[in-house]
A.B. asks: 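Pasting a structure here, questions to come.
Since this is a predicted model, take the numbers as computed values, not measurements.
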Amino acid sequence: MKNQHKIGFILALLSILGSTLMAQTPSDALMMKKKEICIAAMYEHSWFDEYWEGTYLRHNETIATVDRHMVMPMAAIGIVDRLNLIVAAPYVKTASREPNGGKFEGAKGFQDLSLALKGEIFNKEMGKGKLALLGTVSYSTPITNYLSDYRPYSIGFGANELGVRGILQYQLNSGIYIRGALAYLFRGQTKAERDYYYNNGSYYTPWMDVPSAWNYNAVAGIWLFDSSWKIEANYMGLVSTSGDDIRAYNAAQPTNKVDMGVLGVSSQYYFKKLKGLGLLAYYSDTLSGRNVGKSAQYGVGVTYQFKL
Amino acid sequence: MKNIVSKIFAFSLLVISVFLSSCEKDLPTQANYLAYTYSKIDENGGSWTPVLLSSADQIAIPVPEAVGSSAFQEELAFVKSESSSLSGEQLDAVEYWTNNPALRWNEIALELIAKYNLIPGPNADDTYTLPNPANPGEVPYFPFAHPPYAVRALSYLSVAQFDGLISAWHYKYLYNRPSPGLADNSITAAYVENNIPSYPSDGAVIAAVSRDILSVMFPLEKDYLAERAEEHMSSLIWAGANVESDISAGAFIGEEVAKIALARASTDGMSKAQCPKPISDSLQAAAFDRFGWKWENIEIPARPVGLTPLFGQVKLWNVPNVEVVRPPVPPAPGSAEFEESVVALKNYADNMTEEWRAIANYWQDGLGTYTPPGHWNRYAKEYAIKYKLNPLRTVRVFAYLNMAMMDGGISCWDAKYYYHYPRPINLIPGYKTIAGTPNFPSYTSGHSVFSAAGAEVMTYMFPEEGSLFRDYAVEAAISRVYGGIHWIFDAEVGTTQGIEVASYTLDVAKADGAD
């Protein structure tokens with residue numbers, strides 16, 4: 001396994017967080033070796049000026065254009081050759097651009113701590129390439145008392161999430177690869193600061209069910225220049241298995257059924273002369289959705305990999 | 001190595017099952033109570049003074065058949081056969097409606113308020129369309145159940161329930177017909193026997209009156225409400241609580257008292273409250289001439305008319321006229337007291353604590369919820385259960401609570417459009433809020449007036465609770481300042497105003513014969 005591939009952990013991590021963060025990169029099929037560590041810092045800017053209210057695409061000057069900035073420190077650690085731990089804790093800041101009719105304060109703070117274990121189940125020669133199957137189990141939990149019931153400014157959904165993911169990749173020796181991943185994200189409940197809300201009926205409790213979701217990725221990419229540069233196109237889908245729709249011209253809430261389809265491109269570059277250093281960048285656009293912003297986003301990151 | 005990986009995954013599955021089974025809390029959708037023994041039965045309830053009826057016997061019902069009559073025995077036989085073989089659904093209905101079903105109908109009203117409390121959004125050409133009561137099913141649906149609409153709907157609902165049960169109590173103790181369970185000991189009633197005569201059925205009064213009032217307040221829900229009422233009335237037979245003639249007499253009282261209440265509602269001025277722009281503009285101009293300030297809607301696109309500018313002219317329940325409770329002129333922008341409020345608001349916004357934020361959100365009761373009057377009805381329900389009130393005493397609490405809050409709302413709206421005072425976002429440059437700024441002037445705070453008026457009635461009805469409700473009201477008032485949408489004087493004067501308005505309703509309550 002080539003060293004520069006390890007940068008792919010960042011993308012794997014992004015995909016684990018992806019359903020929360022609307023990240024756009026898919027799960028990766030790459031593993032780090034024992035005692036190798038990759039640390040990274042990512043910045044992402046996402047924004048929308050339209051959102052789906054149920055299935056209706058709404059433009060709403062009360063919130064106008066909503067910006068979301070995220071800085072995410074991450075680390076991926078090779079526990080053993082075929083089992084890696086990935087840790088991240090994003091800091092998120094949201095606000096409406098001026099002018100807007102609502103004059104709402106945005107929100108900011110550290111969001112959720114995410115831990116993921118990724119294991120390689122098999123990786124073997126097959127035809128003119130290699131077929132790999134990997135599995136990921138991830139867990140995330142809020143690390144600050146941020147308010148999830150403050151859409152569209154809330155920095156997260158405020159509930160625990162347990163994710164189980166399978167990743168299948170076929171890579172040709174020429175460097176071209178395709179990959180698919182499917183995950184189920186079990187999401188728990190979040191606590192609002194009111195003890196009555198409407199979710200197709202009355203609820204007399206501050207606790208809200210955050211819908212669980214299926215999350216899938218389809219990816220095609222290629223490694224170029226002796227595997228120092230990777231370019232890929234990816235599609236990420238999220239489908240909640242329950243939840244209500246945002247009501248007419250009303251605020252969203254954590255109980256909503258959030259679906260989305262996001263198409264993106266991403267690229268990574270690994271420096272041969274600066275050992276261990278890498279860069280990555282991505283852009284993606286939300287093509288379809290339900291109870292979610294029609295957002296576009298770009299991200300940039302720097303990674304540094306070393307061995308203990 | 002494969003071994004380790006598979007062990008990890010096995011462990012993960014274990015974690016998943018623990019996660020799924022232990023972390024999910026039960027999410028209640030209604031009050032959790034069962035039929036209970038009333039703390040007292042108020043045999044003299046029929047002598048209490050009704051609100052709208054001239055007397056408890058204004059609505060006449062037939063003299064019931066005697067216990068020994070074949071007609072009554074046939075009715076008993078029917079109850080016996082129905083109640084002895086219930087389906088699961090019927091048992092659920094019996095358990096749901098209980099022997100204090102006014103609480104359930106209040107919950108239904110709150111749910112409809114939350115369902116319809118949606119502000120119309122702008123059209124593509126930046127105009128706004130108002131809900132049209134003549135065509136309720138046209139988007140935006142009628143009604144927009146904002147706080148004035150909500151408190152009015154709740155007032156008519158609970159006043160009509162109260163008058164209906166005073167009438168029922170009158171006939172119950174006039175005719176003293178025993179309940180099915182007491183008339184025939186082979187009938188096992190589902191509800192605990194409270195030894196209140198059965199004719200007419202108080203449950204049927206509540207079902208009919210609630211259905212009819214709410215069907216007018218929420219016309220698109222007419223079929224749904226009819227279904228609920230039908231199930232409720234049937235459940236009285238299934239529970240062995242009433243015979244059919246109890247129910248038909250109760251339903252008749254309910255229907256008649258609803259007509260009387262709805263006749264008042266149709267001429268109380270509410271239909272004119274959402275006035276056209278020229279009238280709204282003239283209110284704004286009058287305030288500007290008088291005081292030198294005016295509130296403006298600064299949404300994008302701006303709403304041409306604020307929420308119900310003439311709600312202040314709607315017919316009051318117990319206050320002689322709106323001027324007697326109008327609060328004093330608020331501090332002028334630029335005055336020392338005003339600047340103090342600006343400093344406080346900036347401080348809350350810049351140094352927002354989790355405690356302030358939680359208070360602002362707890363009391364927000366904004367769009368899409370049951371509104372502040374709904375919040376106080378929810379308390380009334382919870383304390384009626386806690387103190388095991390009988391149905392008559394329960395609807396008495398709701399009636400005075402909602403009359404006081406509606407009078408409070410009318411008085412508050414009078415002040416809002418008489419003084420037309422700007423909001424913090426109008427006067428503090430660059431100011432941001434954590435609560436949504438509503439589409440009406442600032443002074444005085446609706447939450448403060450509703451809550452103070454509600455708290456006064458609740459304190460009178462539940463004196464054992466001490467200062468609890470008044471403390472709630474003060475917190476509800478300041479929550480709007482923490483939220484960034486009200487000045488401190490909006491909240492403080494609003495609280496005083498609510499207390500004063502409620503005193504008129506309490507004077508009536510104290511003299512109605514119940515205490």
A.B. asks: With a 4.5 angstrom heavy-atom cut-off, is it the side chain or the backbone of A/N100 that approaches chain B, or both, or neither?
C.D. replies: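 Both parts, heavy atoms under 4.5 Å.
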
A.B. asks: So which pairs with a foot in residues 52-66 of chain A pass salt bridge (Lys or Arg N to Asp or Glu O under 4.0 Å), sequence neighbours left out?
C.D. replies: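 As it turns out, the salt bridge (Lys or Arg N to Asp or Glu O under 4.0 Å) pairs with a partner in residues 52-66 of chain A, which skip direct neighbours, are A/E53-A/R58.
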
A.B. asks: Among B/P301, B/P120, B/P122, who wins on heavy-atom pairs under 4.5 Å with chain A?
C.D. replies: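 Answer, by heavy-atom pair count under 4.5 Å with chain A: B/P122.
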
A.B. asks: Which region of B/R423, side chain (C-beta onward) or backbone (N, CA, C, O), has a non-hydrogen atom less than 4.5 Å from a non-hydrogen atom of chain A, or is it both or neither?
C.D. replies: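 Interface part for B/R423: neither.
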
A.B. asks: Given that the side chain runs from C-beta out, which part of A/Y153 has a heavy atom under 4.5 Å from chain B: side chain, backbone, both or neither?
C.D. replies: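 The answer is neither part of A/Y153.
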
A.B. asks: If I measure from the heavy atoms of chain B, does A/Y197 come under 4.5 Å with its side chain, its backbone, both, or neither?
C.D. replies: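 Contact with chain B is through the side chain of A/Y197 alone.
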
A.B. asks: Relative to chain A, which segment of B/P140 carries a heavy atom at a distance below 4.5 Å: side chain, backbone, both, or neither?
C.D. replies: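 Neither the backbone nor the side chain of B/P140 comes within 4.5 Å of chain A.
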
A.B. asks: Is it the side chain or the backbone of B/I425 that comes within 4.5 Å of chain A heavy atoms, both, or neither?
C.D. replies: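 It is the side chain, since no backbone atom gets that close.
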
A.B. asks: For residues 104-113 of chain B, tabulate all N or O donor-acceptor pairs below 3.5 Å that involve a side-chain atom, not counting sequence neighbours.
C.D. replies:
| from | atom 1 | to | atom 2 | distance (Å) |
| --- | --- | --- | --- | --- |
| B/R104 | NE | B/Y96 | O | 2.6 |
| B/R104 | NH1 | B/A31 | O | 3.1 |
| B/R104 | NH1 | B/E107 | OE1 | 3.0 |
| B/R104 | NH2 | B/A31 | O | 3.3 |
| B/W105 | NE1 | B/H232 | ND1 | 3.0 |
| B/N106 | ND2 | B/N377 | OD1 | 3.1 |
| B/E107 | OE2 | B/A31 | N | 2.5 |
| B/E107 | OE2 | B/K381 | NZ | 2.7 |
| B/E111 | OE1 | A/S202 | N | 2.9 |
| B/E111 | OE1 | A/S202 | OG | 3.3 |

A.B. asks: Can you say whether B/Y370 sits under 4.5 Å from chain A via the side chain, the backbone, both, or neither, judging by heavy atoms?
C.D. replies: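 Both the backbone and the side chain of B/Y370 come within 4.5 Å of chain A.
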
A.B. asks: For each of A/K103, A/H59, A/R194, tally heavy-atom pairs with chain B at distances under 4.5 Å, and name the one with the top tally.
C.D. replies: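 Ranked by heavy-atom pairs under 4.5 Å with chain B, first place is A/K103.
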
A.B. asks: Under 4.5 Å from any heavy atom of chain B, what part of A/N200 do you find: side chain, backbone, both or neither?
C.D. replies: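 Neither the backbone nor the side chain of A/N200 comes within 4.5 Å of chain B.
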
A.B. asks: Between A/E98 and chain B, with a heavy-atom cut-off of 4.5 Å, which part of the residue counts as in contact: side chain, backbone, both or neither?
C.D. replies: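 Side chain only.
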
A.B. asks: Is A/Y184 close to chain B through its backbone or its side chain, or both, or neither, when contacts mean heavy atoms under 4.5 Å?
C.D. replies: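 Neither; nothing under 4.5 Å.
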
A.B. asks: Under 4.5 Å from any heavy atom of chain A, what part of B/Q364 do you find: side chain, backbone, both or neither?
C.D. replies: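 For B/Q364, no heavy atom lies under 4.5 Å from chain A.
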
A.B. asks: Which bit of B/R357 comes within less than 4.5 Å of chain A, counting heavy atoms only: side chain, backbone, both or neither?
C.D. replies: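 Both parts, backbone and side chain.
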
A.B. asks: Could you check whether atom NZ of A/K93 has more than 12 heavy atoms from other residues, nucleotides or ligands sitting under 6.0 Å from it?
C.D. replies: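 At most 12 heavy atoms, drawn from other residues, nucleotides or ligands, come within 6.0 Å of this atom.
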
A.B. asks: Any chance you could measure A/K34, atom NZ, to A/D81, atom CG, to the nearest 0.5 Å?
C.D. replies: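 Atom-to-atom, A/K34:NZ and A/D81:CG are 8.0 Å apart.
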
A.B. asks: May I ask you to check whether A/F110 and A/Y146 place their ring centres under 6.0 Å from each other?
C.D. replies: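 A/Y146 vs A/F110: aromatic centres not under 6.0 Å.
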
A.B. asks: Which atoms of A/P99 come close to chain B, meaning under 4.5 Å heavy atom to heavy atom: side chain ones, backbone ones, both, or neither?
C.D. replies: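 Both parts, heavy atoms under 4.5 Å.
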
A.B. asks: Taking all heavy atoms of A/S96 and all of A/V66, pick out the closest pair and write down the distance.
C.D. replies: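 Taking A/S96 first and A/V66 second, the nearest heavy atoms are OG-CG2, 3.9 Å.
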
A.B. asks: Chain A heavy atoms under 4.5 Å from B/A435: which part of the residue, side chain, backbone, both or neither?
C.D. replies: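 For B/A435, backbone heavy atoms alone lie under 4.5 Å from chain A.
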
A.B. asks: Between A/N199, A/T205, A/D195, which has the largest tally of heavy atom pairs under 4.5 Å with chain B?
C.D. replies: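 Among A/N199, A/T205, A/D195, the one with the most close pairs to chain B is A/D195.
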
A.B. asks: NZ of B/K432: more than 12 outside heavy atoms within 6.0 angstrom?
C.D. replies: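 Atom NZ in B/K432 is crowded, with more than 12 foreign heavy atoms closer than 6.0 Å.
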
A.B. asks: Can you see whether A/Y51 engages A/N60 through a side-chain donor-acceptor pair at a distance of less than 3.5 angstrom?
C.D. replies: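 The answer is yes; a qualifying pair exists.
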
A.B. asks: Picking from A/W207, A/Y150, A/Y204, A/Y249, which has the most non-hydrogen pairs under 4.5 angstrom with chain B?
C.D. replies: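 Between A/W207, A/Y150, A/Y204, A/Y249, the count favours A/Y204.
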
A.B. asks: With respect to B/E475, which candidate in B/W363, B/Y362, B/Y482 satisfies the side-chain hydrogen bond (donor to acceptor under 3.5 Å, both in side chains) definition?
C.D. replies: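 The single option meeting the side-chain hydrogen bond (donor to acceptor under 3.5 Å, both in side chains) with B/E475 is B/W363.
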
A.B. asks: Looking only at side chains, do B/E355 and B/T353 share a donor and an acceptor under 3.5 Å apart?
C.D. replies: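 No pair is found: no donor N or O on one side chain lies under 3.5 Å from an acceptor on the other.
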
A.B. asks: Would you verify whether the NZ or CZ of A/K124 falls within 45 degrees of the ring axis of A/F122 while also being under 6.0 Å from that six-membered ring's centre?
C.D. replies: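 Judged by the rule, A/K124 and A/F122 form a cation-pi pair.
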
